[in-house]
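Right, one structure below, let's go through it.
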Amino acid sequence: MLGLRPAEHKVYEALVSSYQLGVTELCLATDLADRTVRAALRSLTDLGFVHEVDGLYIAVAPDVALAVHFLRREDDLRRDRVLAGELQARYERAAGVRAPADLVEVVHGAEAISRRVDQVMRTARHEVRFVDKPPYAKAPTSLHPVEEELLNRGVRFRGIYERRALELHDLRADLEMGLSLGEEARVVAVAPTKMILADGHLGLIPLHSTETTLESAVIVYRSALLDSLGALFATLWEDAVPLSLPGRPASSEVLIEDARLLALLATGLPDRSIAKQLGLSYRTFQRRLQRLMEELGAQTRFQAGLRAAARGAGSLLPPTQPPE
């Protein structure tokens, strides 16, 4: 709070509200011990927030005290950033001569892996690349908050989803949200491994997993192994099918659902999985698919999917013909 310790903040707030108080009165006003109040007053005096007159403590006007305080904090932050850069440079120089065993770090347990996923992504300044497939340390029910934060900051996200992953994601709450914020997504039938790559300096891949749980993972630091993971991602990306789901303002609700159906169709998901994602009965899905195939002039389900992918989510349906 304002860069002050909790006790300092309470004491200063009490003085701002009352203008001047003695130590005893401050103890009563803040419900803090005498020793704690006196320590806070000494610190606040040094920081220029209060001054003493005849045994009473008076608050310095917030616009004056805080202006000076913020300038001091900005100077400290600039120095910290310079130091952080120096430490990073030293770390990278040391990493270049690391023993092979130090180029990877093993993490065990779903909770620990979930924390490290957040940390790896937060190191990215330019781009996060990932391959998404089951199993998951934490089930995907909404857009990852770190992804949302980084997308809003302008960090590029490129994601490759294994087809099975689309059956487990909540498309509206997860994938569509990411795509609306700028995520670029593609789909492959089978992905060899899941991974997360932060720029070109850090990565995370599974080490051991079962059909339902992710038990351990490996953090990969800058090395030939990390370069190889980047090359694998590039190959998968080139071969994957673009995934583009409709945005809410594009058209009416009916057309949005049609576009969503065709976009999923282009990924090769099974019909029953698409119907489940759309909240449709299988029979309703079949009727809607048949109608859309006729509108697209497609003879087969596969052909409809290809035409949908070629047109993109924003123009999956044929344009209205002008009157003759």
Side-chain angles (χ1 to χ4, degrees), residues 1-92 94 107 109 111-126 128 138 141-157 173 177-178 180-182 198-199 201-202:
M1 295 176 288
L2 302 178
L4 300 175
R5 297 184 180 92
E8 295 167 354
H9 186 273
K10 290 181 73 173
V11 169
Y12 182 63
E13 193 173 44
L15 287 171
V16 166
S17 301
S18 303
Y19 183 64
Q20 63 179 20
L21 293 171
V23 172
T24 302
E25 294 167 311
L26 280 168
C27 291
L28 293 172
T30 60
D31 197 29
L32 295 173
D34 181 279
R35 183 173 59 181
T36 303
V37 168
R38 290 182 185 277
L41 286 169
R42 285 194 297 271
S43 179
L44 289 169
T45 301
D46 292 340
L47 291 170
F49 277 81
V50 304
H51 60 272
E52 181 186 1
V53 178
D54 298 330
L56 295 177
Y57 291 88
I58 302 173
V60 175
D63 60 342
V64 176
L66 291 173
V68 174
H69 182 57
F70 290 153
L71 285 172
R72 188 185 300 116
R73 290 178 65 194
E74 288 172 5
D75 289 340
D76 290 342
L77 184 58
R78 278 193 290 270
R79 284 193 293 271
D80 288 345
R81 283 175 174 158
V82 170
L83 177 59
E86 293 173 353
L87 291 173
Q88 180 64 25
R90 288 163 58 185
Y91 176 83
E92 291 177 357
V107 182
E111 186 175 342
I113 293 170
S114 182
R115 283 198 305 270
R116 295 310 300 271
V117 166
D118 290 7
Q119 292 169 354
V120 168
M121 286 199 293
R122 286 186 188 280
T123 66
R125 294 294 175 266
H126 306 289
V128 174
K138 185 182 295 184
T141 57
S142 62
L143 182 65
H144 197 293
V146 176
E147 178 177 352
E148 182 175 359
E149 174 189 330
L150 294 179
L151 281 168
N152 285 325
R153 278 172 27 197
V155 176
R156 184 185 186 190
F157 268 74
M177 179 64 174
S180 71
L181 292 174
D199 295 331
H201 64 261
L202 201 58

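As the structure is a computational prediction, the values presented were derived from the model and not from experiment.
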Heavy atoms only: give me the nearest [X]-[Y] pair and the separation to one decimal.
| X | Y | value |
| --- | --- | --- |
| Y57 | L15 | O-CD2, 3.2 Å |
| A59 | V16 | CB-N, 3.9 Å |
| L21 | A14 | CD1-O, 4.0 Å |
| E8 | S43 | OE2-OG, 2.6 Å |
| V120 | A198 | O-CB, 3.3 Å |
| L151 | G182 | CD2-C, 4.2 Å |

With rounding to the nearest 0.5 angstrom, report the [atom1] to [atom2] distance, [X] to [Y].
| X | Y | atom1 | atom2 | value |
| --- | --- | --- | --- | --- |
| H9 | L44 | NE2 | CG | 10.5 Å |
| T36 | L41 | OG1 | CG | 11.0 Å |
| L150 | L181 | CG | CG | 11.5 Å |
| K10 | L32 | NZ | CG | 4.5 Å |
| L4 | F49 | CG | CZ | 4.5 Å |
| E148 | M177 | CD | CE | 4.0 Å |

Working for side chain to side chain contact (heavy atoms under 4.5 Å, CB included), residues R122 and V146: CA-CA 7 Å; R122 286 186 188 280; V146 176; 3.5 Å; yes
Any T30 side-chain heavy atom under 4.5 Å of E13 side chain: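 Heavy-atom side-chain distance check fails, nothing below 4.5 Å.
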Any Q20 side-chain heavy atom under 4.5 Å of V53 side chain: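 Of all side-chain heavy-atom pairs linking V53 with Q20, none is under 4.5 Å.
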Heavy atoms of other groups near D31 CG, more than 12 under 6.0 Å: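 Not buried by this count: 12 neighbours or fewer within 6.0 Å.
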Flag if over 12 foreign heavy atoms under 6.0 Å of CZ, R35: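 No, not enclosed.
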Side chain D199, main chain R125, donor-acceptor under 3.5 Å: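 Yes; at least one donor-acceptor contact below 3.5 Å.
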Side-chain donor/acceptor of Y12 to backbone N/O of V60, under 3.5 Å: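 Present.
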Criterion side chain to side chain contact (heavy atoms under 4.5 Å, CB included) on V155 and E149, from CA distance to verdict: CA-CA 9 Å; V155 176; E149 174 189 330; over 6 Å; no
Electrostatic pair R38-D34, nearest N-O below 4.0 angstrom: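 A salt bridge is present here (some side-chain N lies under 4.0 Å from a carboxylate O).
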Residues R116 and Q119: side-chain donor-acceptor under 3.5 angstrom: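 The answer is yes; a qualifying pair exists.
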